[in-house]
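Structure, as C-alpha cells:
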Amino acid sequence: MDIATIILLVVASIGASVVQRVSGFGFGIFIMTMLPFIMPSYGEATALSGILAALQSLMVVVAMWRFVSAKRLLPILFAFLITSYIAIQYVETIDEHLLKRIFGVVLVALSIYFFCISDKVSVRPYISIQLILGSLSGIMGGLFAMQGPPAVLYFVASERDKEHYIAITQAYFLIGNLFMTLYRYKVGFVTELVGYGVIYALAGVVLGSFLGKYLFDRISTHLLRKVVYAFMALSGLYAICVG
C-alpha cells in the first residue's frame with residue numbers, strides 16, 4: 001500500500017469506529033464504501049472489514065461484558081454463525097448489486113417503520129425472532145460484511161437501556177466477526193495484504209472508538225434509538241443508489 005492508500009484506510013477506520021461505537025453497528029457499512037477500491041478483491045475487502053470490526057468490538061466488550069445477557073445473545077448468534085458460513089462460500093458467485101438494492105429497500109422500509117414507533121417497540125427474546133433475524137444477519141455478513149441491521153432491529157428493541165444494548169451488540173459482532181474471519185481464511189480471503197491493512201488501520205480503530213465513546217456517553221437511550229434508525233435508513237439509501 002502507498003502512503004495515500006494508508007491514510008485513506010486510517011481515516012475510514014476512524015469514521016467506521018465512531019459510527020459503530022455510537023450506534024452499535026455500521027462499521028462494515030461505512031468502511032465497505034471504500035475497502036473494495038483499496039483491496040485487490042472483494043473477498044479481501046470483507047476480510048479486512050471483519051477483522052477491524054472485531055477489534056473495535058473487543059474494546060467495548062472488555063469494558064462492558066457484565067451487561068451482556070447470554071439468553072438474548074446465544075440463539076441469534078447460533079443462527080448467524082450457520083448462515084454466514086454458507087453465505088461466504090458464495091461471495092464470488094452472487095449478483096451483489098441486485099441483492100444490495102433489495103436489501104436497501106427493505107432496510108429503508110424497516111427503519112421508517114421503527115423510527116415512527118420506536119418509543120412503543122418492545123421485543124421479547126423469543127427464539128423464533130432471534131433465529132430469523134440471526135439468519136438474515138448471517139447472510140448479509142457473509143456476503144457483504146454488513147451483518148448489523150437485522151440483529152440491531154432485535155437488540156435495540158429488546159435491551160432495556162443503552163449500556164445493555166451497546167454491550168450485547170458488540171459481543172455479537174465480536175464473536176461473529178471472529179468466526180467469519182476463520183471462514184474467510186478457509187476460502188483464501190485472509191491474505192498477507194489483509195494483515196498489513198489491519199496493522200495500518202489499528203490506530204484509526206482505537207482513535208475512532210474513543211471519539212465514539214465520548215459521543216455515546218452524552219446521548220440518551222431515546223436519542224440512541226433515533227440515531228440507529230436514521231443511520232439504518234441512510235445505509236439503505238446508500239445500498240439502493242450505489243449497490
Side-chain angles (χ1 to χ4, degrees), residues 1-65 67-68 77 80-81 84 88 91 137 140-148 151-152 163 166-217 231 235:
M1 293 184 181
D2 57 30
I3 296 299
T5 301
I6 293 173
I7 293 174
L8 177 61
L9 178 58
V10 172
V11 171
S13 299
I14 293 173
S17 294
V18 169
V19 168
Q20 177 97 352
R21 187 62 180 86
V22 173
S23 67
F25 78 112
F27 191 101
I29 294 172
F30 187 97
I31 204 166
M32 283 298 287
T33 63
M34 305 176 196
L35 287 189
F37 302 101
I38 295 175
M39 304 302 291
S41 70
Y42 187 80
E44 288 171 288
T46 61
L48 179 55
S49 172
I51 295 172
L52 295 177
L55 292 173
Q56 194 280 329
S57 296
L58 177 62
M59 296 176 63
V60 180
V61 172
V62 168
M64 305 183 70
W65 61 269
F67 292 105
V68 178
L77 180 62
F80 170 85
L81 294 178
S84 63
I88 285 173
V91 165
S137 177
M140 295 308 303
L143 295 179
F144 311 122
M146 299 178 184
Q147 65 267 36
V152 164
E163 286 76 21
I166 202 72
I168 200 169
T169 54
Q170 298 319 294
Y172 175 82
F173 293 135
L174 171 61
I175 299 171
N177 278 312
L178 288 176
F179 272 87
M180 284 199 297
T181 298
L182 293 176
Y183 301 159
R184 288 167 178 144
Y185 176 80
K186 182 179 178 181
V187 296
F189 293 156
V190 181
T191 62
E192 183 179 358
L193 186 60
V194 169
Y196 282 118
V198 171
I199 295 172
Y200 296 143
L202 186 57
V205 170
V206 173
L207 177 58
S209 295
F210 280 109
L211 291 174
K213 183 180 185 304
Y214 177 84
L215 296 173
F216 177 81
D217 289 342
F231 183 68
S235 302

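These numbers were taken from a predicted model, which means no experiment stands behind them. Numbers here are sequence positions counted from 1.
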Item to check | Beyond-backbone contact of T5 with F37, side-chain heavy atoms, under 4.5 angstrom | outcome: no

Item to check | Under 3.5 Å donor-acceptor, S57 side chain and A54 backbone | outcome: no

Item to check | L48 to G197 - nearest heavy-atom pair and separation | outcome: CD1-C, 3.7 Å

Item to check | Sidechain-backbone polar pair: Q170 side chain, G24 backbone, donor-acceptor under 3.5 Å | outcome: yes

Item to check | Nearest heavy-atom neighbours spanning M34 and A12 | outcome: SD-CB, 3.3 Å

Checklist outcome for this item: On a heavy-atom basis, the closest approach of V22 and F216 is O-CD1, 3.6 Å

Next on the checklist: What I'd like to find out is whether the side chain of M1 reaches to under 4.5 Å of the side chain of Y196, using heavy atoms alone.
Outcome noted: no

Next on the checklist: Determine whether M59 and M64 satisfy the following criterion, side chain to side chain contact (heavy atoms under 4.5 Å, CB included), listing intermediate values before the conclusion.
Outcome noted: CA-CA 9 Å; M59 296 176 63; M64 305 183 70; over 6 Å; no

Checklist outcome for this item: So CG of N177 and CD1 of I175: to nearest 0.5 Å the spacing works out to 10.5 Å

Item to check | Test item: R21 and L215 side chains (from C-beta on) under 4.5 Å apart, heavy atoms | outcome: no

Next on the checklist: Within the 4.5 Å heavy-atom criterion, are S84 and F179 side-chain neighbours or not?
Outcome noted: no

Next on the checklist: So Q56 and F173, do their side chains get closer than 4.5 Å, heavy atoms only?
Outcome noted: no

Checklist entry - Atom CD1 of I29 and atom CE of M140: how far apart are they, to the nearest 0.5 Å? => result 8.0 Å

Item to check | Side-chain heavy-atom pair L35, L9 within 4.5 angstrom cut-off | outcome: yes

Next on the checklist: Can you tell me how far apart CG (L202) and CG (L207) are? Round to the nearest 0.5 Å.
Outcome noted: 11.5 Å

Checklist entry - Looking at side-chain heavy atoms only, is the closest gap between M180 and T46 below 4.5 Å? => result no

Checklist outcome for this item: A47 and R184 have their tightest heavy-atom pair at CA-CD, 3.7 Å

Item to check | Any residue meeting side-chain hydrogen bond (donor to acceptor under 3.5 Å, both in side chains) with T181, in chain and number order, not counting sequence neighbours | outcome: none

Item to check | Pairing residues for S137 by the side-chain hydrogen bond (donor to acceptor under 3.5 Å, both in side chains) criterion, not counting sequence neighbours | outcome: Y172

Checklist entry - Where the side chain of Q20 meets the backbone of F27, is there a donor-acceptor pair that is under 3.5 Å apart? => result yes

Checklist entry - How long is the gap from CD1 on I166 to CZ on F25, to the nearest 0.5 Å? => result 10.5 Å

Checklist entry - Just by distance, do the side chain of E44 and the backbone of F189 share a donor-acceptor pair under 3.5 Å? => result no

Item to check | For S13 against A201, the heavy-atom pair lying closest together | outcome: OG-CB, 3.2 Å

Checklist entry - Hey, which of V190, V205, L55, L193 is the one that makes side chain to side chain contact (heavy atoms under 4.5 Å, CB included) with V198? => result L55

Checklist entry - Between CG of L182 and CG of L81, what distance do you get to the nearest 0.5 Å? => result 10.5 Å

Next on the checklist: More than 12 heavy atoms of other residues, nucleotides or ligands under 6.0 Å from CZ of F67: yes or no?
Outcome noted: yes

